[in-house]
Chemist: 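Handing you a structure now.
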Protein chains: 2
Amino acid sequence: MQDDVLSRTFSALADPTRRAIMARLVLGEASVSELAEPFDMSLVAVSKHLKVLEGAGLISKGREAQWRRCRLEAMPLKELDDWLETYRRFWSESLDKLESYAANLKQRRNDNERDE
Amino acid sequence: MQDDVLSRTFSALADPTRRAIMARLVLGEASVSELAEPFDMSLVAVSKHLKVLEGAGLISKGREAQWRRCRLEAMPLKELDDWLETYRRFWSESLDKLESYAANLKQRRNDNERDE
DNA sequence: CCATTATTTAACCTATAAGTTAATTAACTT
DNA sequence: AAGTTAATTAACTTATAGGTTAAATAATGG
């Protein structure tokens, strides 16, 4: 894997299991086994996924007795959001196009109705 | 690679070369060789990167004589932006915390100055 | 038709991602 | 001290990502 921050972030989030873990952590902190519970894979595998997320700074772990409480860390997501900034105008444009296309279509349909 | 849309998008953007290509395409359409020019790798390698981006729906290619004009397609990025929505409050929260921390710090500094 | 330019496909190499099971570490419980 | 629970580390397998060079395809221009 690359060592730049964005690459790590994108790469970490490219896996659906890891995105599911992130989604779970929105609801609050959780231990490794709690996080692993919904998945049809070994605890070890989930532990590795957590390591990847941690490596990307997307989660952090705190020790508490024999548990490791995982929590979501959002800063890399903010950087992702910042990266997106450059591209935002593109889908606004596309939406504008789609909008005007729809408006156009509606207009023509109205015209046709008038002709009938 | 996974076959869901988000995984493809994240995965495609996890590579710095591919993000650089995207950044280039913000400036306008370009042929494969034009896109390959800045990179220290074979044209074939870039062509493959383009294939990945195309597979993720992030670019499209049009034929024009012997050239393939590549253009940015933003819809997958919009989906990524939508995905981020869930997490936005987290970094706003962090920013709020950071803000109040900074405010606190400033306040204390002022207090100290008054004491001097 | 032949040569040139642009791009893709094929065949290959190497590193690594994502999973497995078995063994280890660490802290709590009795 | 011994047993239990939580999590990680180690060793291994398999698939795929990202690069290479050489060959094939496609369109243009003499």
Chemist: Can B/D4 and B/R8 be counted as an ion pair, charged N to O under 4.0 angstrom?
Modeler: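 B/R8 and B/D4: not salt-bridged.
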Chemist: Could you state the atom-to-atom distance from CZ of B/R63 to P of C/dA6 in whole Å?
Modeler: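 Atom CZ in B/R63 sits about 14 Å away from atom P in C/dA6.
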Chemist: Thinking salt bridges, do B/E54 and B/K51 make one under a 4.0 Å N-O criterion?
Modeler: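 Salt bridge: no.
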Chemist: So if I take every side-chain heavy atom of B/H49 and compare against D/dT21, C/dT20, D/dG18, which nucleotide ends up nearest?
Modeler: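 The listed nucleotide nearest to B/H49's side chain is D/dG18.
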Chemist: Over all strands shown, is A/T17 touching base, sugar-phosphate only, or nothing at heavy-atom distances under 4.0 angstrom?
Modeler: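 If one applies the 4.0 Å heavy-atom cut-off, A/T17 turns out to touch nothing in the nucleic acid.
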Chemist: Roughly how many Å is it from CG in B/L13 to C1' in D/dA17, rounded to a whole number?
Modeler: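 Distance, rounded to whole Å: 15 Å.
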Chemist: Send over the distance from B/F39 CZ to D/dG19 C1', rounded to a whole Å.
Modeler: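 Rounded to whole Å, this separation is 15 Å.
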Chemist: Would you mind reading off the distance between A/R8 atom CZ and C/dT16 atom P, rounded to a whole angstrom?
Modeler: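 Those two atoms, CZ and P, are 12 Å apart.
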Chemist: Give a yes/no on whether any side-chain N or O of A/S47 is located under 4.0 angstrom from OP1 or OP2 of D/dT8.
Modeler: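 For A/S47, the contact criterion (side-chain N or O under 4.0 Å from OP1 or OP2 of D/dT8) is met.
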Chemist: Apply the test side chain to side chain contact (heavy atoms under 4.5 Å, CB included) to residues A/L6 and B/L13: give CA-CA distance (whole Å), side-chain angles for both, the deciding distance (0.1 Å), then the verdict.
Modeler: CA-CA 9 Å; A/L6 270 175; B/L13 295 172; over 6 Å; no
Chemist: Compare side-chain N and O positions of B/K51 against OP1 and OP2 of D/dG18 and report whether any pair is under 4.0 Å apart.
Modeler: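 B/K51 to D/dG18 OP1/OP2: no side-chain N or O under 4.0 Å.
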Chemist: Considering every strand and a 4.0 Å limit on heavy-atom distances, what is the contact class for A/R69: base, sugar-phosphate, or nothing?
Modeler: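 Counting heavy atoms under 4.0 Å across all strands, no contact is made by A/R69.
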Chemist: Could you tell me the Watson-Crick or G-U partner of C/dT30, where both distances fall under 3.5 Å? Say none if there is no partner.
Modeler: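 When the pairing criteria are applied, D/dA1 turns out to be the nucleotide that pairs with C/dT30.
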Chemist: Pick the closest DNA chain D nucleotide for A/K61 and for B/W67 by heavy atoms, then say which residue is nearer the 5' end.
Modeler: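 Between the two, 5'-proximity favours A/K61.
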Chemist: Is it the case that D/dT20 (base atoms only) and B/K48 (side chain only) share a donor and an acceptor within less than 3.5 Å, ignoring hydrogens and angles?
Modeler: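 By the distance-only test, yes, there is a pair.
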Chemist: DNA chain C: A/E64 or B/S31, which has the more 5' nearest nucleotide?
Modeler: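 Its nucleotide being nearer the 5' end, the pick is B/S31.
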Chemist: Using the side-chain heavy atoms of B/M41, tell me which of these nucleotides is nearest: C/dA27, D/dG18, D/dT20.
Modeler: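 The answer is D/dT20.
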Chemist: From the list D/dG19, C/dC28, C/dG19, which nucleotide is the closest neighbour of the side chain of A/Q66?
Modeler: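 Minimum distance to the A/Q66 side chain belongs to C/dC28.
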Chemist: Checking B/D82 against B/K78 for the salt bridge (Lys or Arg N to Asp or Glu O under 4.0 Å) test, could you report, in this order, the C-alpha distance in whole Å, the side-chain angles of both residues, the deciding distance, and whether it holds?
Modeler: CA-CA 6 Å; B/D82 292 345; B/K78 162 135 183 54; 3.0 Å; yes
Chemist: Whole Å only: how far is the CG atom of B/D40 from the P atom of D/dG19?
Modeler: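 Taking atom P of D/dG19 as the reference, CG of B/D40 is at 11 Å.
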Chemist: Report the relative orientation of the aromatic rings in B/F10 and A/F10; use parallel for angles under 30°, tilted for 30 to 60°, perpendicular for over 60°.
Modeler: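 Ring orientation of B/F10 relative to A/F10: tilted.
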Chemist: Distance check needed: D/dT25 C1' versus B/R68 CZ, whole Å only.
Modeler: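 My rounded result for the distance is 11 Å.
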Chemist: With the side chain of B/V44 defined as its heavy atoms from C-beta on, choose the nearest nucleotide among D/dT28, D/dA22, C/dG19.
Modeler: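 When the side chain of B/V44 is considered, D/dA22 is the closest of D/dT28, D/dA22, C/dG19.
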Chemist: Would you mind telling me which of C/dT8, C/dG19, D/dT8 lies closest to the side-chain atoms of A/A45?
Modeler: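 Out of C/dT8, C/dG19, D/dT8, the nucleotide with an atom closest to A/A45's side chain is C/dG19.
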Chemist: For D/dG18, does OP1 or OP2 lie under 4.0 Å from any side-chain N or O of B/R18?
Modeler: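 Yes, within the criterion.
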Chemist: I'd like to know if the side chain of B/R71 reaches the main chain of B/S60, judged simply by a donor and an acceptor atom lying under 3.5 Å from each other, with no hydrogens or angles considered.
Modeler: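 Absent.
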Chemist: In whole Å, I'd like the distance from the CG atom of A/L43 to the P atom of D/dT8.
Modeler: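 Answer to the nearest Å: 8 Å.
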Chemist: Atom CD1 of B/I21 to atom C1' of D/dG18: distance rounded to whole Å?
Modeler: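 From B/I21 CD1 to D/dG18 C1': 13 Å.
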Chemist: Let me know, please, whether A/A65 or B/L50 comes out on the 5' side of the other along DNA chain C by nearest nucleotide.
Modeler: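 Looking at the nearest nucleotide for each, B/L50 comes out on the 5' side.
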